[in-house]
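A note on names: the letters A, B, ... follow the listed sequences, proteins ahead of strands, and every chain is numbered from 1.
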There are 2 protein chains.
Amino acid sequence: MARRSDHSREELQEMALEAAERILDTQGEAALSARKVATEIGYSAGALYLVFQNRDDLCWQLNGRTLQKLLTALEHVNCEDPIECLKQFAEIYLTFATVWTPRWSLLFEHRSADDVDAPQWLSNRIDELFRKLEQPLAQCFPQLDQAAISQMARTLWGGVHGVTILSLRDKLFLNQQADPRQMLDDLVETYVRGASVKGSM
Amino acid sequence: MARRSDHSREELQEMALEAAERILDTQGEAALSARKVATEIGYSAGALYLVFQNRDDLCWQLNGRTLQKLLTALEHVNCEDPIECLKQFAEIYLTFATVWTPRWSLLFEHRSADDVDAPQWLSNRIDELFRKLEQPLAQCFPQLDQAAISQMARTLWGGVHGVTILSLRDKLFLNQQADPRQMLDDLVETYVRGASVKGSM
DNA sequence: GCAATATATTGAACAGTGTTCAGAATGTAA
DNA sequence: TTACATTCTGAACACTGTTCAATATATTGC
């Protein structure tokens, strides 16, 4: 039995989340069970319910961390050319999804059993991600208003997300020589070019 | 006890798949259990293992049917203008995903526990889907070779898929007034326009 | 230092899951 | 009618998330 007050609530929660990430990384989502996480940190399964509402709650918290990690990775983009900037975003996104596949999958595929929506703080962080994209897009299209830029960002990023997902589950790509990075570059460049010539047609 | 030879193997399998789809449609993927399917058709859970290797196999077969259904829905596209054609494809895709969300989710999110790849016949049907797109694209860009068209189709469809997915899990769209159909139209039109002016720049 | 109290943690239990397989139920042939 | 072959069940196993009475430990009051 773990001795009482060996760890504070916060410590316990942090330990559990780290253990969960370790399991996720090495054994995949299917292996992510309460008992496994608990064993990993030397507690019983029941103890997890002192710091998490349920399995869903644990997943949401994992997703919060994953999203934060992704945002941090995207921080490193810094170049003058806005198109180059968008391309780098896309490339980092793809790399992140490739390196952290189980965490990334959980982030985008986890849904609660009962139709509980994602917590608000998670939505806020997603909003943050989109704002990052709006910046270079606004630079490309200074004549467009915020609503138009916002929609472009979501459309383009939906596209990047889709190519990334289909690339990861490679069953959807039969010609093996197709490089997803090249596809993303193409998507970003072509989309922005198409939007540029819209007015002048 | 179900009487022996009440149904042939094929009948049993068909009944099970239909029952599974009913459960999927009304109660979601989480509710799709062997015992529930079996009860629904008046057999015991064990009987399912006479016609399915395991739960995964049942899911793959469901996905085969879903993909077939999707392909059939896409048959109805028929118009002269290739861009209009692509837009219709995208719209049908979105509608299908909206109407048959649980089946569509299973199709794109189901992965076997052990890294078993999707069966070959499923990959073939996906290839069929891509070929449908290559036709109007080839019409738009007669100067490009097959490999380039093939890659364009996959890039564009990755985009459509991504926008569809992010739209269905609406948590990713904070400004509610954005219409996914409009976003898909924009994506298709802008991408094709961008690709059109590539040579002439 | 010791008893009383409060709380952190466990471990057994419950209902569910996928899966297997001995044996019962049923049809067919001799 | 008996023997055989096949179909199907139902109990069992190991797992899951989750709850909660009981227990082990720490803190407080004396």
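- With 3.5 Å as the limit, one finds a donor-acceptor pair spanning the side chains of B:Ser150 and B:Arg154.
- Atoms CG (A:Leu12) and C1' (C:dT10) sit 13 Å apart, rounded to a whole Å.
- Between B:Lys36 atom NZ and C:dG18 atom C1' there is a gap of 14 Å when expressed in whole angstrom units.
- Looking at the side chain of A:Ala47, the nearest of the listed nucleotides C:dT19, D:dG17, C:dT10 is C:dT10.
- Map B:Gln53 and A:Leu50 each onto its nearest nucleotide of DNA chain C; the residue landing nearer the 5' end is A:Leu50.
- Ring orientation note: the planes of A:His161 and A:Trp104 are tilted relative to one another, at an angle of 30° to 60°.
- Nucleotide C:dT19 holds its C1' atom 14 Å from the CG atom of B:Asp57, rounded to whole Å.
- Applying the 4.0 Å criterion to OP1 and OP2 of D:dC8, one finds that B:Arg9 has a side-chain N or O inside that range.
- Ring orientation note: the planes of B:His7 and B:Tyr43 are tilted relative to one another, at an angle of 30° to 60°.
- For A:Arg55, counting side-chain heavy atoms from C-beta on, the closest listed nucleotide (C:dT19, D:dT18, D:dT9) is D:dT18.
- For the residue pair B:Asp186 and A:Tyr191, a side-chain donor N or O sits within less than 3.5 Å of a side-chain acceptor on the partner.
- For the pair B:Gln27 CD and C:dT17 C1', the interatomic distance rounds to 15 Å; values are reported in whole Å.
- As a whole-Å value, the separation of B:Asp56 CG from C:dT17 P is 17 Å.
- For the residue pair B:Glu128 / B:Asn124, no side-chain donor-acceptor distance below 3.5 Å is found, with atom types taken as modelled.
- Residue A:Asn54 contributes atom CG, which lies 8 Å from atom P of D:dT19 at whole-angstrom precision.
- Atom P of nucleotide D:dT18 and atom OH of A:Tyr49 are separated by 3 Å, given to the nearest angstrom.
- B:Leu32 comes within 4.0 angstrom of sugar-phosphate atoms only, judged by non-hydrogen atoms across all strands, and of no base.
- Going from atom CD1 of A:Ile23 over to atom P of D:dT16 covers 10 Å, rounded to whole Å.
- Counting any heavy atom pair closer than 4.0 Å across all strands shown, A:Ser44 reaches a base atom.
- For A:Arg35 against D:dG17, a side-chain-to-base donor-acceptor contact under 3.5 Å is present.
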